[in-house]
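What follows is a set of notes on a single structure, which appears directly below.
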Amino acid sequence: MKIRSFIFFCLLFCSGFISAQTLSDPPEVYINNYKTPVTEKMYINCLKIDDLTTIIYLTEQMNDYDIFKLELHRFGKDTDIVAAFRTFVPSSKEFQKKYAVKNGIRLRILAEEDEFGGSDLEVNTKIFPANSTTNMAFCKSHDLKQCSFYLVIKGYKKTGAKTQFGEDVYDNGTVLSPKSVVFTSWESKTK
């Protein structure tokens with residue numbers, strides 16, 4: 001009897017754990033106003049496209065985090081940095097009004113820049129100059145060792161600590177989606 005109870009407990013615990021760790025679908029990446037899907041290792045020429053966009057899919061699990069971010073990672077042989085991101089606060093009125101009832105969100109990664117910007121993402125100013133745009137971070141990455149990109153969604157929880165400016169400190173994050181396809185902004189001349 002004890003063995004059956006133990007097995008039953010393990011099955012309940014494991015099934016609950018697995019369902020709690022369910023990832024969303026990976027972000028989908030498109031060019032040409034969501035008409036052309038970006039494929040694995042596709043070369044994106046900034047001079048020949050009008051836009052680079054994504055669709056991210058929302059899950060209930062994302063509500064368990066204080067914030068979640070869509071992150072545009074730029075990576076190479078020895079590095080992987082967050083070049084740009086979009087932060088969402090699931091508990092905010094804005095999120096509840098705009099996104100809570102939707103299954104997915106469409107966002108511009110690259111677009112023609114105007115006085116309101118061109119991208120729905122914010123460039124990482126810890127790495128790039130303060131006046132940089134997402135278009136600059138993507139299109140001007142001439143270092144061929146760091147010119148591949150992917151998107152991923154990560155959830156973050158507050159640690160309870162504050163910065164010297166009174167801002168919340170967040171943990172290192174939990175991956176909430178698989179990575180998108182990998183794409184590049186500069187054609188490798190070494191092939």
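For the numbers below, each heavy atom of this structure counts, side chains included, while hydrogens, waters and symmetry mates do not.
- Each disulfide (SG to SG under 2.5 Å) pair with one or both residues in residues 65-113, not counting sequence neighbours, would appear here, but there are none.
- Residues Thr87 and Lys69 approach most closely at OG1-CE, 3.5 Å, considering heavy atoms.
- Within 6.0 Å of CG in Asn131 there are more than 12 heavy atoms belonging to other residues, nucleotides or ligands.
- Scored by the ring pair (Phe, Tyr, Trp, His ring centres under 6.0 Å) test, Tyr156 finds no partners at all (sequence neighbours excluded).
- Shown here is Asn103, whose CG atom has no more than 12 heavy atoms of other residues, nucleotides or ligands within 6.0 Å.
- Listed by first and then second residue, the salt bridge (Lys or Arg N to Asp or Glu O under 4.0 Å) pairs that reach into residues 152-165 are Lys158-Asp168, Lys162-Asp168, sequence neighbours excluded.
- Contacts classified as ring pair (Phe, Tyr, Trp, His ring centres under 6.0 Å) and involving residues 81-104 (residues at least two apart or in different chains) are given here: Phe68-Phe88, Phe68-Phe95, Phe88-Tyr99, Phe95-Tyr99.
- Here the OG1 atom belonging to Thr53 is positioned 7.0 Å from the CD1 atom belonging to Ile55, to the nearest 0.5 angstrom.
- At least one donor-acceptor pair closer than 3.5 Å links the side chain of Ser177 to the backbone N or O of Ile153.
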Next on the checklist: Under the criterion side chain to side chain contact (heavy atoms under 4.5 Å, CB included), I'd like the reasoning laid out for Leu70 against Leu151: C-alpha separation, chi angles, the key distance, then a yes or no.
Outcome noted: CA-CA 7 Å; Leu70 170 66; Leu151 295 165; 4.0 Å; yes

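- Scanning both residues, Leu72 and Thr134, for their nearest heavy atoms gives CD2-CG2, 4.2 Å.
- In terms of heavy atoms, Ser185 sits closest to Tyr43 at O-CE1, 3.5 Å.
- A donor-acceptor pair shorter than 3.5 Å can be found between the side chains of Asp80 and Tyr150.
- When all heavy atoms are compared, the tightest approach of Leu47 to Asn45 is N-OD1, 2.9 Å.
- In terms of hydrophobic clustering, with Ile, Leu, Val, Met, Phe, Trp and Tyr side chains grouped at heavy-atom distances under 4.5 Å, Tyr170 and Met62 are assigned to different clusters.
- Closest approach of Val181 and Val38 over heavy atoms only: CG2-O, 3.5 Å.
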Next on the checklist: Run the side chain to side chain contact (heavy atoms under 4.5 Å, CB included) test on Leu176 and Gln61 for me, step by step, so that the C-alpha distance in whole Å, both residues' side-chain angles and the decisive distance to 0.1 Å come before the verdict.
Outcome noted: CA-CA 8 Å; Leu176 300 180; Gln61 181 185 10; 3.8 Å; yes

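- In terms of modelled atom types and a separation under 3.5 Å, the side chain of Gln96 and the main chain of Pro90 share a donor-acceptor contact.
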Cut-off 3.5 Å, no hydrogens considered: what does the side-chain donor-acceptor table look like for residues 26-34, sequence neighbours left out?
{"unit_1": "Glu28", "atom_1": "OE1", "unit_2": "Tyr30", "atom_2": "OH", "d": "2.5"}
{"unit_1": "Glu28", "atom_1": "OE1", "unit_2": "Tyr57", "atom_2": "OH", "d": "3.2"}
{"unit_1": "Glu28", "atom_1": "OE2", "unit_2": "Tyr57", "atom_2": "OH", "d": "3.2"}
{"unit_1": "Asn32", "atom_1": "ND2", "unit_2": "Thr36", "atom_2": "OG1", "d": "3.1"}
{"unit_1": "Tyr34", "atom_1": "OH", "unit_2": "Leu107", "atom_2": "N", "d": "3.3"}

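- When side chains are defined from C-beta on, Phe183 does not count as touching Thr39, because their heavy atoms never get closer than 4.5 Å.
- Side-chain atoms of Glu122 never come within 3.5 Å of backbone atoms of Arg86 as a donor-acceptor pair (strictly under, hydrogens ignored).
- Looking only at distances, a side-chain donor or acceptor of Ser119 sits under 3.5 Å from a matching main-chain atom of Arg108.
- Using modelled atom types, one side-chain atom of Ser92 and one backbone atom of Val89 make a donor-acceptor pair closer than 3.5 Å.
- Not a single ring pair (Phe, Tyr, Trp, His ring centres under 6.0 Å) links Phe128 to another residue, sequence neighbours left out.
- Between Thr59 and Ser24, the shortest heavy-atom contact is CG2-CB, 3.3 Å.
- A 4.5 Å side-chain heavy-atom check between Ile109 and Leu121 finds at least one atom pair inside the cut-off.
- Applying the salt bridge (Lys or Arg N to Asp or Glu O under 4.0 Å) test to residues at least two apart or on different chains, none of the pairs has a partner in residues 48-68.
- Residues forming a salt bridge (charged side-chain N to carboxylate O under 4.0 Å, His left out) with Glu94 (at least two apart in sequence, or on another chain): Lys98.
- Val101 shares a hydrophobic cluster with no other residue; no ILVMFWY side chain has heavy atoms under 4.5 Å from its own.
- Judged as a side chain to side chain donor-acceptor pair (under 3.5 Å), and not counting sequence neighbours, the contacts of Thr133 are Glu113.
- Shown here are the side chain to side chain contact (heavy atoms under 4.5 Å, CB included) partners of Thr163, two or more places apart in sequence or in another chain: Phe165, Glu167, Val169.
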Item to check | Test side chain to side chain contact (heavy atoms under 4.5 Å, CB included) applied to Ile44 and Ile49, step by step | outcome: CA-CA 8 Å; Ile44 308 293; Ile49 63 167; 3.4 Å; yes

Item to check | Test side chain to side chain contact (heavy atoms under 4.5 Å, CB included) applied to Arg74 and Ser148, step by step | outcome: CA-CA 6 Å; Arg74 175 179 155 182; Ser148 294; over 6 Å; no

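- Looking at residues two or more places apart in sequence or on another chain, you find no side chain to side chain contact (heavy atoms under 4.5 Å, CB included) involving Ala130.
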